[in-house]
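Here the structure is a predicted model, which means the values were calculated and not measured. Note: hydrogens, waters and symmetry copies are ignored here, and every other heavy atom, side chains too, is used.
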Amino acid sequence: MIILLEPDSGEDVLAAVVKHASKYPGIQTRRHVIRGTEHTVSEVYLLGDTKSIPTDGFEQIRGVRRVVRVAAKYRIIGRHGVPAETVGFEYNGVRFDERQVLLFAGLCAVDTLQNVEAMCRALQVAGIRTTRMGVYKPRTSPYDFQGLGATCLPWVFELAGKYGIRVIAMEVTDPRHLDEIGRALEQAGRPTGVMLQVGTRNAQNFELLKRLGQQQEFPVLYKRGMGISLEESLNACEYIASEGNPRIVFCLRGVKTHLGDPHRNLVDFAHVPVVRRLTRLPVCVDPSHATGRLDLDPEGIPEIFHAIGQGVVTGAAMVLVDFHPDPKAALCDGPQALTLEQLPILVEYTQRVRGAYEDARQLFVGLARQARTA
Ligand code: PEP
Ligand code: MN
């Protein structure tokens with residue numbers, strides 16, 4: 001059972017809830033605090049056999065907003081039917097919530113210092129402070145480029161700082177990568193921040209997920225498993241939260257099936273509102289790994305932009321997208337990389353589609369208001 005308190009409620013409410021819970025033998029309480037960008041939300045978990053405990057005793061306490069009998073297995077990341085308000089979080093000066101769309105545009109894999117610098121410079125010109133930079137690359141073939149690993153971290157961090165990048169999404173495939181990143185950031189004097197990315201291939205690597213949850217320094221970008229159900233991915237994601245780190249963004253990146261051909265994966269961005277409904281996590285879409293190609297529609301709009309649009313128009317809070325200064329020379333995923341000239345177009349395009357999402361939201365807010373007053 002979860003007792004959700006009103007946002008920003010005081011210690012007195014918490015104490016009253018804990019006192020009431022203590023009437024029930026064998027029940028333990030655990031407090032869970034979510035520090036959002038606008039509010040801090042506290043919850044109390046009742047642990048033990050809560051089936052026979054009535055909810056009304058808790059509901060009558062002033063400052064208790066709602067009592068939820070938890071059926072969902074993902075109890076921390078779950079929204080539990082509490083409507084629209086966004087929780088979100090802030091990291092290194094960047095807000096992750098549903099009020100805007102963050103563009104994480106960058107290199108699939110770091111290759112040269114010159115390319116990292118060109119990418120970061122283009123981001124600064126475009127007014128973007130977030131990027132992606134793969135350093136540890138999980139590749140299908142052992143003979144493919146595996147990423148530069150820890151050796152490039154010092155200059156990647158330094159360049160990111162030089163160009164005002166506040167957060168780099170960077171995949172980790174092994175718990176020791178967290179230590180390497182932490183050490184390199186410290187030695188570089190923390191010029192930037194890192195969001196640790198769980199790749200689709202590690203979506204159910206529970207030991208890695210637990211390790212990511214046991215640290216609170218870095219937020220996590222969790223990519224859904226490409227061959228498991230959404231429910232299984234949400235449960236896996238809960239591992240991170242249940243170990244103590246609720247600062248997670250859930251990323252859709254397509255699922256594996258030949259029925260998605262000619263795309264690399266079957267685009268699953270219709271799940272954006274589903275994840276938003278079921279969880280409190282901001283949702284990211286990765287159109288690059290979902291579509292895997294750059295073909296144009298008859299009007300000349302790249303299909304990858306349409307995929308981005310599908311995510312943004314349904315409420316995605318973040319877009320993770322591959323760029324490269326010279327895609328033909330990229331050592332990983334060049335065929336899906338946009339060019340630096342396309343970066344300002346992406347910014348403009350995203351703003352316009354986000355506007356369409358805001359319009360749609362207003363339409364339904366208005367309809368709900370009408371229905372209430374009718
Ligand atoms: C990536 O984003 O670099 C990546 C490997 O993606 P995915 O795990 O979704 O395949
Ligand atoms: Mn890639």
Side-chain angles (χ1 to χ4, degrees), residues 2 4-5 7-8 11 14 29-45 47 74-79 86-98 102 104 129-130 132-133 135-136 150 153 157 160-161 165-199 202-203 205-223 234-251 279-284 317-318 320:
I2 304 178
L4 296 122
L5 310 191
D8 307 313
E11 291 295 319
L14 184 77
T29 52
R30 192 159 90 193
R31 183 183 185 181
H32 180 68
V33 182
I34 303 162
R35 281 178 225 291
T37 45
E38 282 162 27
H39 298 289
T40 296
V41 179
S42 291
E43 298 171 351
V44 181
Y45 292 88
L47 308 175
Y74 30 94
R75 57 184 65 181
I76 299 177
I77 64 170
R79 195 179 279 271
T86 293
V87 184
F89 58 89
E90 185 159 337
Y91 169 66
N92 208 29
V94 176
R95 287 168 51 137
F96 293 76
D97 65 23
E98 296 170 316
L102 294 170
F104 275 66
R129 301 184 304 154
T130 45
R132 58 158 295 146
M133 297 273 166
V135 162
Y136 308 102
L153 291 177
F157 292 155
I165 302 295
R166 306 296 299 173
V167 187
I168 307 174
M170 187 175 276
E171 181 165 355
V172 290
T173 58
D174 186 296
R176 83 189 136 80
H177 297 155
L178 277 74
D179 303 327
E180 290 177 0
I181 289 170
R183 260 198 311 274
L185 256 188
E186 183 69 35
Q187 277 161 14
R190 302 193 179 283
T192 187
V194 173
M195 178 172 216
L196 300 172
Q197 183 176 321
V198 179
N202 279 303
N205 180 342
F206 298 118
E207 295 311 313
L208 178 65
L209 299 176
K210 283 192 228 168
R211 177 72 176 81
L212 289 165
Q214 283 155 6
Q215 59 81 40
Q216 265 108 43
E217 182 180 358
F218 305 109
V220 177
L221 179 62
Y222 174 89
K223 286 187 144 191
L234 292 174
N235 275 301
C237 197
E238 176 83 7
Y239 269 88
I240 304 166
S242 70
E243 292 288 333
N245 184 5
R247 296 198 296 173
I248 306 166
V249 173
F250 190 93
C251 182
T279 80
R280 297 184 272 201
L281 307 179
V283 182
C284 174
M318 173 171 161
L320 186 74

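- When all heavy atoms of P282 and A317 are compared, the pair lying nearest together is CB-CB, 4.0 Å.
- The backbone N or O of G93 sits less than 3.5 Å from a side-chain atom of R129, completing a donor-acceptor pair.
- When the side chain to side chain contact (heavy atoms under 4.5 Å, CB included) test is applied to A160, the partners found at least two apart in sequence or on another chain are I165, I168, T192.
- When every heavy atom of R95 is checked against every heavy atom of L102, the shortest pair comes out as O-CD1, 3.4 Å.
- A donor-acceptor pair under 3.5 Å links the side-chain atoms of N205 to the main chain of L208, judged by distance alone.
- Remark: L212 CG to Q197 CD distance equals 11.0 Å, nearest 0.5 Å.
- Side chain of R132 to main chain of F104: no donor-acceptor pair is present (N/O by atom type, distance under 3.5 Å, no hydrogens or angles).
- Take N245 and apply the side-chain hydrogen bond (donor to acceptor under 3.5 Å, both in side chains) test, not counting sequence neighbours, and it matches no residue.
- Remark: side-chain polar atoms of R31 are not paired, donor with acceptor, to backbone N or O of Y45 under 3.5 angstrom.
- Counting heavy atoms from C-beta outward, E43 and V33 have side chains that stay 4.5 Å or more apart.
- Between P219 and F89, the shortest heavy-atom contact is CB-CE1, 3.7 Å.
- Using a 4.5 Å cut-off on side-chain heavy atoms (C-beta onward), L196 and I181 make contact.
- Residues Y91 and G193 come closest through the heavy atom pair OH-CA, 3.3 Å.
- The structure places CG of L47 at 6.0 Å from CZ of R30, a figure rounded to the nearest 0.5 Å.
- The two residues A150 and V135 have their closest heavy-atom pair at N-CG1, 4.3 Å.
- Not counting sequence neighbours, E238 has no partner by the side-chain hydrogen bond (donor to acceptor under 3.5 Å, both in side chains) test.
- Residues E171 and T173 are in side-chain contact: their nearest non-hydrogen atoms beyond the backbone lie under 4.5 Å apart.
- Here the NE2 atom belonging to H177 is positioned 9.5 Å from the CG atom belonging to L153, to the nearest 0.5 angstrom.
- To the nearest 0.5 Å, the span separating CE on M170 from OH on Y136 amounts to 7.5 Å.
- Among residues at least two apart or in separate chains, side chain to side chain donor-acceptor pair (under 3.5 Å) pairs with a member in residues 209-218 are D179-R211, R190-E217, E207-K210, Q214-E243.
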Exercise for the section: Please test R166 against E90 for salt bridge (Lys or Arg N to Asp or Glu O under 4.0 Å), starting from the C-alpha separation and ending with a verdict. Expected result: CA-CA 11 Å; R166 306 296 299 173; E90 185 159 337; over 6 Å; no
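- Here T29 pairs with V18, A21, V44, L46 under the side chain to side chain contact (heavy atoms under 4.5 Å, CB included) rule; sequence neighbours left out.
- Take A236 and apply the side chain to side chain contact (heavy atoms under 4.5 Å, CB included) test, not counting sequence neighbours, and it matches Q204, F206, L209, Y222.
- Heavy atoms only, all atoms of each residue included: C284 and V249 are closest at CB-CG1, 3.7 Å.
- The OG1 atom of T40 sits 5.5 Å away from atom CG of D8, with the distance rounded to the nearest 0.5 Å.
- To the nearest 0.5 Å, atom OH of residue Y74 and atom CG of residue L281 are 10.5 Å apart.
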